[in-house]
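What follows is a short report on a single structure.
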Amino acid sequence: MSGRKERFGSRTAVIMAMAGSAIGLGNIWRFPYMVGEHGGAAFIVMYLLATLLLSLPVFITEVTIGRRSRKGAFSAMSELHPGHRIWEFVGLLAVIVPLLINSYYCVIGGWSLDFLLRSCAASFVRMSPSEVTSVFSQMSSSRWEPVVMHLSFMGISTFIVAHGVKAGIEKFSKISIPALFFLIIVMIFYSVTLPGASEGLKYLVKPDFSQVNGETMAYALGQSFYSLSLGMGAIITYGSYVHKEEDIVVSGAGTAVFDLTFAILAGFAIMPAVFAAGIEPGAGPGLIFQSVPYIFSSMGEEVPVISAAVSFIFFLAIVVAAMTSCISLIEVGVTFLGEKFNLSRKKSCCLLFVLCGGLGIVCSLQPSVFDSLDWFCSNVMLLVLAFCFVVFAGFVMKKEDVREEITNAGAKPLNVRLFNVIYFQIKWIAPIAIAVILVTNFIL
Ligand code: PHE
């Protein structure tokens, strides 16, 4: 397998590729509806805390494990600590979970592709909110349309992975991320000027902490892990491509800042439109597909062409952002099949396409399967796996080895000074907090 010898080209390439994995439907599709379902601004506060206190150490842990072992998620831990079945099992879960996520992730990718094609036909121009809502419900409940779109989306992503890490992933992330950033800012501008939008703004900035309970914390943590691609081996796998000279803490913090900024901006683009269109903020997974076209529809009041063009570019950017994330999910499986069964990149891609594609069809046709899979993966399995990773770094790896990775063998003075704090977070704070949240919410 040639993948092991490949390395990311530069510091920006590392942050961009990791941000490419992190920024995706999690920020644009999932974050706004999670905010809507779990209490608005109060959820955002929990999410920020979860990212700073827990996700960042988990991120550093995953890159450390990946870079130290130079292996993908499946073999990384057994490489560093051979002969222990339990870590092989954890490694296996770290391959299965991303593939499960990939199956339903591509369904949303397919919805985005569908809306991209609709944008080509300028079909959102001058639609009323109820017309916009019905476009989504008709599309998602039709039999063949979401399935065809889902398979097309997955097909393109798999094709890119089949062509290698550098060529595919780096090129993709470098274009899509700045484009999306720019567009979201344009959309915020439109969204906040819609009549009734101010309620949405209030919802985003005025926290009502009476809404916060243990469950909100679990959802916020799950969302933070999901959004940063943590707890599923994707970052371990990427970590294995990271250069020895790279600063793990800077890459982690850089990626987290990018990712947070995107999620919050997406919230500000979408929530005002949700309120302006009179949609329930807790409307669930369809939220952005029901609200965003309304922004385009009102943009089109004066100059329809502009609205059509902006909606086309927006959905294109979403499709690309979703693809960079999807690529990193597939990459986990490809690395596993290569390392374990010596399967070529292309053959692995074909196999994964069939497996994930098949499960995705079930998710696409059965909303209850979709919901359960998302709940189980994001709120339970990501937490379980992140817990295992920090326990591995804190209790199984030698402290000196962890120090060597995080400080680049002493070459990063700031990290040398921060090491004890980061290590304490990895060894004690993260495992205890994750375990408490997990056990109190989902296991007891
Ligand atoms: N972080 C991605 C997102 O926000 C989803 C993802 C999860 C991608 C895990 C890769 C691995 O959309």
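These numbers were taken from a predicted model, which means no experiment stands behind them.
In terms of modelled atom types and a separation under 3.5 Å, the side chain of Trp29 and the main chain of Pro285 share a donor-acceptor contact. Looking at Arg345, its side chain does come within 3.5 Å of a backbone N or O of Val161 through a donor-acceptor pair. Between the side chain of Ser378 and the backbone N or O of Gly222 there is no donor-acceptor pair closer than 3.5 Å. For Tyr226 (side chain) and Cys377 (main-chain N/O), no donor-acceptor pair under 3.5 Å exists by modelled atom type. Of the possible donor and acceptor atoms, none in the side chain of His84 sits under 3.5 Å from a partner among the backbone N and O of Ser78. No side-chain donor-acceptor contact under 3.5 Å links Glu280 to the backbone of Leu287. Within the 3.5 Å criterion, the main-chain N or O of Ala269 finds a donor-acceptor partner in the side chain of Ser191.
Here the closest heavy-atom approach between residue Tyr105 and residue Gly26 is recorded as OH-N, 4.1 Å.
Salt-bridge formation is not detected for the pair Arg67/Glu62: no Lys NZ or Arg NE/NH1/NH2 atom is positioned less than 4.0 Å from an Asp or Glu carboxylate oxygen. A salt bridge links Arg68 with Glu404: at least one charged nitrogen is closer than 4.0 Å to a carboxylate oxygen. Note on Glu245 versus Lys412: no salt bridge recorded, every NZ/NE/NH1/NH2 to OD/OE distance being 4.0 Å or above.
Here the CD1-CE distance, from Ile295 to Met187, works out to 4.0 Å after rounding to the nearest 0.5 Å. Rounded to the nearest 0.5 Å, atoms SG (Cys349) and CE (Met154) are 11.5 Å apart. Atom CD1 in Ile437 sits 12.0 Å away from atom CD1 in Ile432 (nearest 0.5 Å). Residue Thr237 holds its OG1 atom at 12.0 Å from CZ of Phe74, rounded to the nearest 0.5 Å. Rounding to the nearest 0.5 Å gives a distance of 11.0 Å between OG1 of Thr261 and CD1 of Ile184. From Thr61, atom OG1 reaches atom CZ of Phe389 across 10.0 Å, with rounding to the nearest 0.5 Å.
Checked by atom type, the side-chain pair Ser224/Ser55 shows a donor-acceptor distance below 3.5 Å. For Asn408 and Asn415, the side-chain atoms include no donor-acceptor pair closer than 3.5 Å. For Ser368 and Asp371, the side-chain atoms include no donor-acceptor pair closer than 3.5 Å. Looking only at atom types and distance, the side chain of Tyr238 has no donor-acceptor partner in the side chain of Ser21 under 3.5 Å away. Asp259 and Asn27 share a donor-acceptor pair across their side chains, judged by distance under 3.5 Å alone. Inspection of the Ser75 and Glu339 side chains reveals an N or O donor paired with an N or O acceptor under 3.5 Å.
Taking the six-membered ring where the residue is Trp, Phe43 and Phe31 present tilted rings, their angle falling between 30° and 60°. By the 30° and 60° cut-offs, the orientation of the rings of Phe419 relative to Tyr423 is parallel.
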| task | Take Met139 and Arg118, measure what side chain to side chain contact (heavy atoms under 4.5 Å, CB included) needs, and give me the verdict at the end. | result | CA-CA 11 Å; Met139 183 278 289; Arg118 283 171 195 272; 3.7 Å; yes
| task | Start with the C-alpha gap between Phe395 and Trp428, add the side-chain angles, then the distance that decides, and say whether ring-ring contact (aromatic ring centres under 6.0 Å, His included) holds. | result | CA-CA 10 Å; Phe395 294 90; Trp428 298 110; 5.3 Å; yes
| task | Kindly indicate, with the supporting measurements, whether the criterion side chain to side chain contact (heavy atoms under 4.5 Å, CB included) is fulfilled by Met232 and Val332. | result | CA-CA 9 Å; Met232 57 185 98; Val332 176; over 6 Å; no
| Worked verdict on Ile434 versus Phe225 for side chain to side chain contact (heavy atoms under 4.5 Å, CB included) | CA-CA 11 Å; Ile434 298 171; Phe225 284 168; 3.9 Å; yes
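Taking the six-membered ring where the residue is Trp, the centroids of Trp111 and Phe115 are separated by 6.0 Å or more.
Contact annotation: the side chain of Ser325 never approaches that of Ser229 to less than 4.5 Å [non-hydrogen atoms, C-beta and beyond].
By the 6.0 Å contact criterion, CZ on Phe189 is open, its count of non-hydrogen atoms from other residues, nucleotides or ligands being 12 or less. Taking a 6.0 Å sphere around CZ of Phe258, one finds it holds 12 or fewer heavy atoms contributed by other residues, nucleotides or ligands.
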